[in-house]
Amino acid sequence: MRVRALAGVVLLATMTLAGTPATAAPPAAPTALPAAAGPTSTGPAATGLRTVADRAGLRIGTAVDMAALAGDAPYRAAVAREFSTVTAENVMKWEAVEPQRGVHDWAAADRLVDFARANRQKVRGHTLVWHNQNPSWVNEQAFTPEQLRAVLRKHIIDEVSHFRGRVWHWDVVNEVFNDDGTWRDTIWLRNLGQGYVADAFRWAHQADPQAKLFLNDYNNEGVNAKSDAYYALVKQLKAAGVPVQGYGVQGHLAVQYGVPGDTLTNLRRFEKLGLQTAFTEVDVRMPLPADPIKVQAQAQGFTALLQACLLADRCVSYTVWGFTDRYSWVPGVFDGQGSATPLDENLTPKPAYAALRDTLAVAGR
Ligand code: G3I
């Protein structure tokens, strides 16, 4: 199905990225989300992302805010209807699952995994080793390097074992490199050296041999110093027999910076090393206020990454980092920027939503 779809995808890429005059109005957006998707849909207009992604052979996902999932019924319905994978935006991170040493709280993460099972969705586990959102008890003052290694090992084994058989992908190590390709200075690098990455993958594999294990980062879409560093690292890990199976591209874009033109080339070189690839956290922010050209550029950003995924050979999922501006991390972090997701605060689709759905529909023909 993916091979047959290529001609159509290329045609759409040409139309949306090159053929549209810069002054054209953005494509018309539907005024509401489709009421239903799946076997009861009445036609393409009533078809949500999940249905068209299924037909294209691609898993489509979203990060999930657990407070919203519990308290916002339309949000909850949209997560179930529009997506075939879910990622915990925060509740699988170490600070959430082990706030005190040896005291685990899996409740929120379990609720997401149960929701996914009830809705026949896969789960992307995010994230095991990171420099952010670690519990305060994990620090260099409290432990020797040797103890820190044991603490990290226990964390990985505990968490992956808890979800064994229920998590499809794990983002095992997150954001290892700086943008210039040097190693990021973290508690793990300082105390354990570069070998912590190989160790983390081995421990995760030991705890769940079925889960696919991913590296994950931002600003690594195209061929650049950071993705070059990952490429060299993957070669080393593979040569040493380390169980690394995926290259995750977060895809946090901004309309003012555009989309790297060599994203597909980059995915392909990792796939040639034997890895699966995935877009794991896509959003496309803009300086506020939004205007028609920014909104159009946003739609093109979302679809450019989706097209790269559909044109690649082993790109297995495309996940947005939140699907509505009602719950988005962007305005809190980037002053004066926002509107980064495909639906606005009222869950009304923007042109980006229609563009994603149209691209998936073309690929699934
Ligand atoms: O849990 C506390 C809550 O108790 C407190 O009342 C509240 C007050 O601000 O803060 C809550 O913690 C927040 C946490 O999200 C959970 O909601 C933090 O302040 C906030 O900084 C944190 O932000 C998350 C961020 O990672 C932290 O680095 C975002 O929601 C989340 O979207 C973001 O996700 C990351 C990916 O994991 C990795 N890639 C980049 C991506 C965007 O930064």
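Residue numbers start at 1 and run along the sequence shown. Remember, it's 1-based here, ligands and their atoms both numbered in the order they're listed. Just so you know, these numbers come straight off a predicted model, no measurement behind them.
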Closer than 4.0 Å: a protein non-hydrogen atom to atom 42 (C) of ligand 1: yes
Heavy-atom protein contact below 4.0 Å for atom 16 (C) of ligand 1: yes
Verify atom 1 (O) of ligand 1: protein non-hydrogen atom under 4.0 angstrom away: no
Atom 19 (O) of ligand 1: any protein heavy atom closer than 4.0 Å: no
Heavy-atom proximity to atom 30 (O) of ligand 1, best of Asn174, Asn90, Thr87: Asn90
Aromatic ring proximity Phe323/Phe83, centre distance under 6.0 Å: yes
Donor-acceptor contact below 3.5 Å, side chain Asn90 vs main chain Asp65: no
Atom 5 (C) of ligand 1 protein-contacted, heavy-atom criterion under 4.0 angstrom: no
Distance-only polar pair, side chains of Trp130 and Glu175, donor-acceptor under 3.5 Å: yes
Parallel, tilted or perpendicular: ring planes of His126 versus Trp321, cut at 30 and 60 degrees: perpendicular
Distance flag for atom 25 (C) of ligand 1, protein heavy atom under 4.0 Å: yes
Heavy-atom protein neighbour under 4.0 angstrom from atom 8 (C) of ligand 1: no
Donor-acceptor contact below 3.5 Å, side chain Thr303 vs main chain Ala299: yes
Distance filter under 4.0 Å to Glu175 heavy atoms, resulting ligand 1 atoms: 38 (C), 39 (N), 40 (C)
Tyr196 backbone acceptor or donor facing Arg149 side chain under 3.5 Å: no
Within reach of ligand 1, part of Thr127 (heavy-atom separation under 4.0 Å): neither
Protein non-hydrogen atom below 4.0 angstrom of atom 11 (C) of ligand 1 present: no
Check: Trp170 ring centre within less than 6.0 Å of Phe214 ring centre: no
Backbone N/O of Val176 and side chain of Arg184: donor-acceptor pair under 3.5 Å: no
Any donor-acceptor pair under 3.5 Å from Ser161 side chain to Ile157 backbone: yes
Glu95-ligand 1 polar pair, N/O distance under 3.5 Å: no
Asp335, CG atom: more than 12 neighbouring heavy atoms under 6.0 Å: no
Nearest-neighbour protein heavy atom for atom 33 (C) of ligand 1, which is reported as residue plus atom name and distance: Lys93 NZ, 3.7 Å
Closest protein heavy atom (residue, atom, distance) for atom 31 (C) of ligand 1: Glu89 OE2, 3.4 Å
Whether His252 and Trp329 hold their rings parallel, tilted or perpendicular, with breakpoints at 30° and 60°: perpendicular
Heavy-atom nearest option to atom 35 (C) of ligand 1, drawn from Trp321, Tyr327, Trp329: Trp321
Closest protein heavy atom (residue, atom, distance) for atom 36 (C) of ligand 1: His126 NE2, 3.3 Å
Residue Gln250 vicinity, atoms of ligand 1 by number, heavy atom under 4.0 Å: 39 (N), 40 (C)
Glu281, any N or O under 3.5 Å of ligand 1 N or O: yes
Stacked cation flag Arg326 on Tyr75, 6.0 angstrom / 45 deg: no
Nearest-contact summary for atom 22 (C) of ligand 1 - protein heavy atom, Å: Gln133 NE2, 4.0 Å
Location of contacts on Tyr218 toward ligand 1, heavy atoms closer than 4.0 Å: neither
